[in-house]
Asks: 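Below are the structure tokens for one structure; questions will follow.
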Number of protein chains: 2
Amino acid sequence: MKIRIVDIAKKAEVSAGTVDRYIHQRGKVSKKAAEKIQKAVKELGYEPDIMARNLALKKELKIICLLPDPKETKYWERPDAGIDKAIKELSSFKVLIEKIYFAPRVNAFNEACDHAIESKADGIIYVPIFFEESTLFAEKLIKLEIPFIHINIHHSEASPLSFIGQNAYDAGKVAASLCRMALRNNQEILITYISKEQQEYSHHHARIEGFVEFFENQNTQPTVHHLNLKVDEKDSIHENLLANFLSEHQNIKAIYVPNSRAYSIASILKKSKNTDKMIIGFDTLDANIQYMKEGVIDILIGQQSKSQGYNAIVLMFNAIFRKEKIAKTNHIPIDILNKENIDYYEGLMR
Amino acid sequence: MKIRIVDIAKKAEVSAGTVDRYIHQRGKVSKKAAEKIQKAVKELGYEPDIMARNLALKKELKIICLLPDPKETKYWERPDAGIDKAIKELSSFKVLIEKIYFAPRVNAFNEACDHAIESKADGIIYVPIFFEESTLFAEKLIKLEIPFIHINIHHSEASPLSFIGQNAYDAGKVAASLCRMALRNNQEILITYISKEQQEYSHHHARIEGFVEFFENQNTQPTVHHLNLKVDEKDSIHENLLANFLSEHQNIKAIYVPNSRAYSIASILKKSKNTDKMIIGFDTLDANIQYMKEGVIDILIGQQSKSQGYNAIVLMFNAIFRKEKIAKTNHIPIDILNKENIDYYEGLMR
DNA sequence: TTGTATGCGTTATCAG
DNA sequence: CTGATAACGCATACAA
């Protein structure tokens with residue numbers, strides 16, 4: 001049978017109002033009353049009725065999500081879609097979920113943070129894309145006692161309520177394990193990191209580390225080359241650099257791209273009809289998927305981007321609305337995708 | 001702003017009761033009233049408040065789940081766990097979820113079906129493990145107008161409200177694509193199907209078909225051998241059969257097990273120190289995972305068993321409680337698992 | 001065929 | 001500090 005507030009009120013010989021004040025520690029309750037109520041709660045085992053609570057609630061909770069503008073970086077479309085899904089799903093609850101996009105630049109990030117703080121949220125979800133600024137922001141939030149969750153990028157020094165994302169180091173190892181499976185003896189590997197000037201991300205480096213260190217524990221260790229390219233350079237420069245590198249190192253049979261820009265390498269190789277290389281990259285951007293279906297990209301590592309956005313919201317909701325304690329880290333699976341299984345990816349997330 | 005029943009009642013110049021009767025088509029409503037209400041609903045856009053509805057509801061919905069006894073077939077532990085998760089999550093709603101286990105035999109299945117029908121459920125979820133009996137059961141349910149969902153095994157002839165599970169044929173292709181990646185020229189493949197006497201499942205055969213047909217579309221086609229074993233036979237018989245087969249066909253480098261019994265092949269190969277074969281199988285049973293971590297099994301194809309159970313319930317709940325229309329087929333991703341990513345599998349499902 | 005009143009469990013307000 | 005009571009939006013029983 002269901003225990004209601006009035007049930008424990010009767011048992012404790014006080015009124016429902018007092019029980020409510022005790023349970024939610026609002027207003028003052030005398031010691032005598034508190035003790036009696038505590039006893040009654042323990043004996044009867046009260047569980048609040050979420051439905052009734054939500055119906056009676058006056059003010060609504062506010063959750064703010066800060067994320068890089070999907071218009072600027074395509075990757076963020078999917079977490080964004082996940083957030084939208086959560087918004088729809090939670091629409092019958094009294095929660096207001098507000099999204100703030102920021103351009104992937106330090107000052108835009110800072111502005112967004114300030115804006116979020118002004119909005120007086122009950123919980124904040126953000127992507128700690130800039131290390132130091134994120135730390136600063138976290139300190140402010142802690143001072144204001146606003147709980148916050150990190151998604152996608154690991155940054156435990158800011159001690160968020162929870163982190164939800166992939167273990168980048170191990171993701172690199174997974175990529176390496178697939179290279180090892182496919183490569184023959186003496187074949188070599190090239191790691192191409194295409195990044196913006198002065199803007200390399202720690203999780204990309206972790207993916208490289210994991211990849212490299214995987215082979216250090218193997219019996220036979222293929223030669224691993226590195227080639228760093230800058231996003232701002234012209235395509236033709238990349239084409240030349242890559243072509244030269246590959247012709248100097250004829251044994252390279254696999255190219256590892258530790259961020260979502262595999263499509264860019266794929267485009268070069270496709271143009272030059274250099275078709276015998278294996279490409280392995282990250283993230284299911286449309287462009288990546290397209291090249292995978294054409295057979296240019298062989299493997300993509302997926303990180304369930306949509307589900308990350310979705311679950312960040314749901315976690316925060318459960319934490320502040322239902323007062324559940326949530327896990328400090330929520331590691332997303334490291335998904336191996338190829339031409340054959342890509343069509344089913346993130347199936348039930350729609 | 002939120003539109004309530006009284007809002008549209010006022011607009012339509014009738015009482016809330018009439019609106020309620022119209023919306024839920026209970027009781028009679030005059031044509032004039034119906035039209036006015038319809039117009040008001042269209043203009044204002046009414047969305048029922050799930051919370052308030054649930055609070056006011058008298059009787060609770062009943063959902064029954066029929067699934068093979070996890071005690072008899074280990075595989076079913078995970079869908080079962082998923083069902084439990086859904087039960088917990090929906091506990092604040094007025095739904096009663098009842099599980100019925102059956103031993104994996106025809107008469108036990110039939111008994112369970114009868115029992116389910118007697119229980120007068122509002123929705124039934126079951127595993128159509130026996131083809132003809134499932135068809136019969138489906139016909140009864142249709143006659144009784146009880147909606148039902150199939151999980152894990154595809155059986156569209158019974159025309160369930162929805163099917164949730166993997167595309168077995170494509171899963172076979174995924175397995176094949178990984179073999180192709182790993183195999184060198186001239187290396188051969190062995191398919192071992194370990195089944196019970198007179199009890200082969202169509203989805204296992206589909207996994208074999210998909211596997212075989214994948215290679216038919218490739219340039220170079222490895223030789224594929226077949227070896228069928230019966231579960232009831234002694235281990236030693238299997239050991240001998242396999243040993244003989246492998247010594248007769250020295251070029252076999254990969255063994256494909258189209259059901260969850262890869263551990264059984266792994267155990268044989270481990271014992272005989274036959275360590276250079278690649279094993280690829282299905283499902284993350286503890287035994288399979290164990291052998292994968294030891295390096296005996298190389299690849300497992302996962303089908304998110306827990307999430308299947310969980311989502312079956314949630315889907316049914318949404319269908320009958322929130323009256324959502326749900327997709328006829330819900331294909332689960334075809335997950336590629338190896339030693340490196342297995343620890344993160346089904347991460348957020350806990 | 002229609003309108004109205006009561007209750008679901010909680011929150012929030014207000015008078016004691 | 002405490003108790004009583006009116007919402008919240010909907011379902012349901014009953015009266016008209």
Side-chain angles (χ1 to χ4, degrees), chain A residues 1-38 40-41 44-61 90-96 122 320-323, chain B residues 1-38 40-41 44-61 90-96 122 320-323:
Chain A
M1 210 208 74
K2 193 158 215 166
I3 304 300
R4 300 156 304 159
I5 282 192
V6 289
D7 294 323
I8 81 144
K10 205 183 296 173
K11 179 124 192 165
E13 296 172 301
V14 292
S15 78
T18 312
V19 174
D20 177 79
R21 281 184 289 268
Y22 171 79
I23 289 176
H24 298 87
Q25 36 226 273
R26 49 173 162 242
K28 306 281 168 184
V29 176
S30 71
K31 256 207 182 117
K32 275 173 259 170
E35 276 165 19
K36 283 195 289 185
I37 294 170
Q38 190 180 24
V41 167
L44 297 178
Y46 173 70
E47 283 293 333
D49 183 316
I50 305 291
M51 308 293 165
R53 156 178 305 170
N54 194 65
L55 187 62
L57 233 41
K58 292 279 190 217
K59 88 172 198 351
E60 57 182 5
L61 281 180
L90 296 179
S91 65
S92 22
F93 289 92
K94 292 220 172 52
V95 263
L96 177 66
D122 299 286
I320 64 187
F321 190 87
R322 326 177 85 127
K323 293 171 171 49
Chain B
M1 211 210 71
K2 191 155 216 169
I3 305 299
R4 301 157 302 160
I5 281 191
V6 289
D7 293 322
I8 82 144
K10 206 181 296 171
K11 178 123 192 165
E13 297 171 301
V14 292
S15 78
T18 311
V19 175
D20 177 81
R21 281 184 289 268
Y22 170 79
I23 289 177
H24 299 88
Q25 33 227 268
R26 46 175 164 238
K28 307 279 169 183
V29 175
S30 71
K31 257 208 180 110
K32 275 173 262 172
E35 275 163 20
K36 283 194 288 185
I37 294 171
Q38 190 181 23
V41 167
L44 298 178
Y46 173 70
E47 284 292 334
D49 182 317
I50 305 291
M51 307 293 164
R53 157 180 303 169
N54 194 66
L55 188 61
L57 230 42
K58 294 280 187 206
K59 84 169 193 9
E60 60 180 4
L61 283 179
L90 297 179
S91 65
S92 23
F93 289 92
K94 292 221 172 53
V95 263
L96 176 67
D122 299 287
I320 63 185
F321 189 87
R322 325 176 85 128
K323 292 174 173 46

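A note on names: the letters A, B, ... follow the listed sequences, proteins ahead of strands, and every chain is numbered from 1.
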Asks: When you measure from the side chain of N54(A) to the backbone of K94(A), do you find a donor-acceptor pair of N or O atoms at a distance under 3.5 Å?
Replies: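 Between the backbone of K94(A) and the side chain of N54(A) there is a qualifying donor-acceptor contact (under 3.5 Å).
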
Asks: Within the side chain of D49(B), is there an N or O that forms a donor-acceptor pair under 3.5 Å with the backbone of L55(A)?
Replies: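 Checking the backbone N and O of L55(A) against the side chain of D49(B), no donor-acceptor pair under 3.5 Å is found.
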
Asks: Report yes if some heavy atom in the side chain of F321(B) is under 4.5 Å from a heavy atom in the side chain of L57(B); otherwise report no.
Replies: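 In short, these two side chains touch, coming nearer than 4.5 Å.
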
Asks: Let me test you: for the helix from dT1(C)-dA16(D) to dG16(C)-dC1(D), what is the angle between the axes at its two ends (five pairs each), rounded to 10 degrees?
Replies: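 One end's axis against the other's: 50°.
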
Asks: Taking atom NZ of K32(B) as the centre, report whether more than 12 heavy atoms of other residues, nucleotides or ligands fall under 6.0 Å from it.
Replies: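 Not buried by this count: 12 neighbours or fewer within 6.0 Å.
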
Asks: Donor-acceptor check, side chain of D122(A) to backbone of V95(A), threshold 3.5 angstrom: yes or no?
Replies: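 Here the side-chain-to-backbone pair does not exist.
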
Asks: A side-chain contact here means heavy atoms from C-beta on lying under 4.5 Å apart; do R26(B) and D20(B) qualify?
Replies: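 A side-chain contact under 4.5 Å exists here.
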
Asks: Could you run down nucleotides 9-16 of chain C 5' to 3' and tag each one B, S or - for protein heavy-atom contact under 4.0 Å?
Replies: BBSS----

Asks: Of all nucleotides in DNA chain D with an atom under 4.0 Å from a non-hydrogen atom of chain A, which is the first and which the last going 5' to 3'?
Replies: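 Going 5' to 3' along DNA chain D, contacts run dC1(D) to dG9(D).
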
Asks: Kindly say whether R4(B) contributes a backbone atom to a donor-acceptor pair with the side chain of D7(B) at under 3.5 angstrom?
Replies: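 Side chain of D7(B) to backbone of R4(B), a donor-acceptor pair under 3.5 Å: yes, one is there.
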
Asks: More than 12 heavy atoms of other residues, nucleotides or ligands under 6.0 Å from NZ of K11(B): yes or no?
Replies: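 Atom NZ in K11(B) is not packed in, count stays at 12 or less.
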
Asks: Quick check: are there more than 12 heavy atoms from other residues, nucleotides or ligands sitting under 6.0 Å from CD of E60(A)?
Replies: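 Counting other residues, nucleotides and ligands, CD of E60(A) exceeds 12 neighbours.
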
Asks: Kindly determine whether I37(B) and I8(B) satisfy side chain to side chain contact (heavy atoms under 4.5 Å, CB included), including the steps that lead there.
Replies: CA-CA 7 Å; I37(B) 294 171; I8(B) 82 144; 3.8 Å; yes

